[in-house]
Chemist: 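Structure incoming, see below.
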Amino acid sequence: MRDGMPGRMKVLIADDDGPARAFLRAALRKLDFDSVIATDGRDAWDQYRSSHPSLVLADWVMPELSGIDLCRMIRAENRSRYTYIILITALSGKGSYLQGMEAGADDIVTKPFDLEEMAAKLRVARRILGLQTELKQLDGLIPVCAHCRRIRDEREVWSSLEDYVTQLTDLRLSQSVCPTCYEAGSGAARPARAAS
Amino acid sequence: MTAAPLATWPPPDAPVLNLSAITLLRELEGPEDPELARETVAVFLTDGIRRIGELRAAVSEGRLDAARRTAHALKGSALVLGTVRLARACAGLEEAATAGQAPDAGAWLERAAEEFAAAKQALVEVMPRALA
């Protein structure tokens, strides 16, 4: 996890209601999560940007910025690490559930809170965030030839680093020489080039 | 946001105080939150007195949007503390304010004020030091 203590996931609690914040903070502590607290939507956005929580637990209705707006802003940021978002509502109907999902929420909890339900939802969140991390790590394993440094793509075709990057992204590699190669080039590389 | 119809939640015969909410808060107490239940009830009562005052002002001045927001906030608090009848009255006020029905909002406000007084009494009975 990207958070302070290993194994303890950081959760941003965003709720303008004092009793709700007190309950959630204590419940998360009991369930072995770290938490940071925001008291309205704008505060939540600032805390999200500064503390990089893995999970956001946000009240649907808050002053300054609603939970739905916060959700959309977090999704629009498109961070490389996924943020799991659970919206909190008091009295939920199917309409609100769908609206929350469309805004980018992953789940919804309703007041009054139920500790077992909360624990179950947080367990799912932890599992999904763990899978995301594993996928990222698998993505990071690129087969490289130990000799010529060519890279094998998913079609089993070996190509140069330059071609590989160009195929996968819009990036173009600019040509340059690093200081180490520049130094080396003044010895072995230059005569070879001169000989050709 | 689509609220569940009042007719189905919370039930009209709901208790003034659902003690399981207080029990849960007590269960969550630990070395870092030794008085979680008492402190949460104290915050609820202080906020609640202020919010009932804000609701009275908003409804009497016809500021139904402000009344809707405050009723929603008090409803959320009431649900966390298990004061279910107060939550129901707040939901009624919220619906009436959303619909722009000032007379209904006024009637629900009176219900909310009565239920808040009942909730306060019930909470202080189980948590005598909440007002300390």
Side-chain angles (χ1 to χ4, degrees), chain A residues 13-35 37 39-41 57-64 66-69 71 87-103 105 108-119, chain B residues 1-6 8-10 14 18 20-48 50-51 66 68-84 87-88 90-92 94-95 98 123 130:
Chain A
I13 298 169
D15 200 312
D16 58 314
D17 183 52
R21 283 198 304 272
F23 170 87
L24 291 170
R25 197 188 59 228
L28 286 168
R29 184 176 292 146
K30 179 122 183 161
L31 297 170
D32 214 24
F33 288 86
D34 283 336
S35 58
I37 305 282
T39 55
D40 63 45
L57 200 49
D59 193 18
W60 188 298
V61 181
M62 288 187 287
E64 303 292 330
S66 73
I68 285 285
D69 291 336
C71 218
L87 285 176
I88 304 165
T89 71
L91 295 180
S92 180
K94 277 186 181 168
S96 63
Y97 199 92
L98 285 173
Q99 196 187 342
M101 297 296 134
E102 280 166 9
I108 288 184
V109 290
T110 54
K111 293 175 187 171
F113 297 122
D114 179 296
L115 190 61
E116 274 189 31
E117 181 195 12
M118 187 75 77
Chain B
M1 173 167 187
T2 312
L6 257 187
T8 58
W9 189 101
N18 182 350
S20 62
I22 301 297
T23 305
L24 177 56
L25 283 169
R26 283 185 168 140
E27 283 172 5
L28 289 175
E29 289 179 346
E32 291 175 78
D33 285 306
E35 294 209 81
L36 177 70
R38 188 189 67 77
E39 286 171 3
T40 307
V41 168
V43 170
F44 169 73
L45 293 177
T46 309
D47 284 358
R50 176 178 51 81
R51 282 169 170 160
R68 176 185 59 76
R69 286 196 300 272
T70 306
H72 181 86
L74 185 53
K75 180 183 75 180
S77 252
L79 287 171
V80 173
L81 268 297
T83 51
V84 187
R88 181 180 163 78
C90 290
E94 190 184 359
E95 270 192 17
T98 304
L123 284 166

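Chain identifiers are assigned alphabetically (A, B, ...) following the order of the sequence lines, protein sequences preceding nucleic acid strands; residue numbering begins at 1 within each chain.
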Chemist: Most heavy-atom pairs under 4.5 angstrom with chain B, which of A:Asp114, A:Asp17, A:Asp16, A:Asp15?
Modeler: A:Asp17

Chemist: Quick one: side chains of residues 40-47 of chain B, donor-acceptor pairs under 3.5 Å with protein atoms, not counting sequence neighbours, listed by atom name and distance.
Modeler:
unit_1  : atom_1 : unit_2  : atom_2 : d
B:Thr40 : OG1    : B:Leu36 : O      : 2.6
B:Thr46 : OG1    : B:Ala42 : O      : 2.8

Chemist: Starting at OG of B:Ser20, measure out to CG of A:Leu115 and round the result to the nearest 0.5 Å.
Modeler: 12.0 Å

Chemist: Answer yes when A:Lys30 and B:Asp33 have at least one side-chain N-carboxylate O distance shorter than 4.0 Å, and no when they do not.
Modeler: no

Chemist: Can you name the nearest heavy-atom pair linking A:Pro19 to B:Leu81, along with the distance?
Modeler: CB-CD2, 3.6 Å

Chemist: So which of B:Leu24, B:Thr83, B:Asn18, B:Leu79 actually passes side-chain contact (heavy atoms from CB on, under 4.5 Å) with A:Pro112?
Modeler: B:Leu79

Chemist: Please report the interatomic distance OG1(A:Thr89) to NE2(B:His72), rounded to the nearest 0.5 Å.
Modeler: 8.0 Å

Chemist: Does any backbone or side-chain atom of A:Arg21 lie under 4.5 Å from a heavy atom of chain B? Answer side chain, backbone, both or neither.
Modeler: neither

Chemist: Testing the basics here: between B:Leu28 and A:Ala26, what is the closest heavy-atom pair and its distance to 0.1 Å?
Modeler: CB-CB, 4.0 Å

Chemist: Pick one of side chain, backbone, both or neither for B:Glu29, based on which atoms fall under 4.5 Å of a heavy atom in chain A.
Modeler: neither

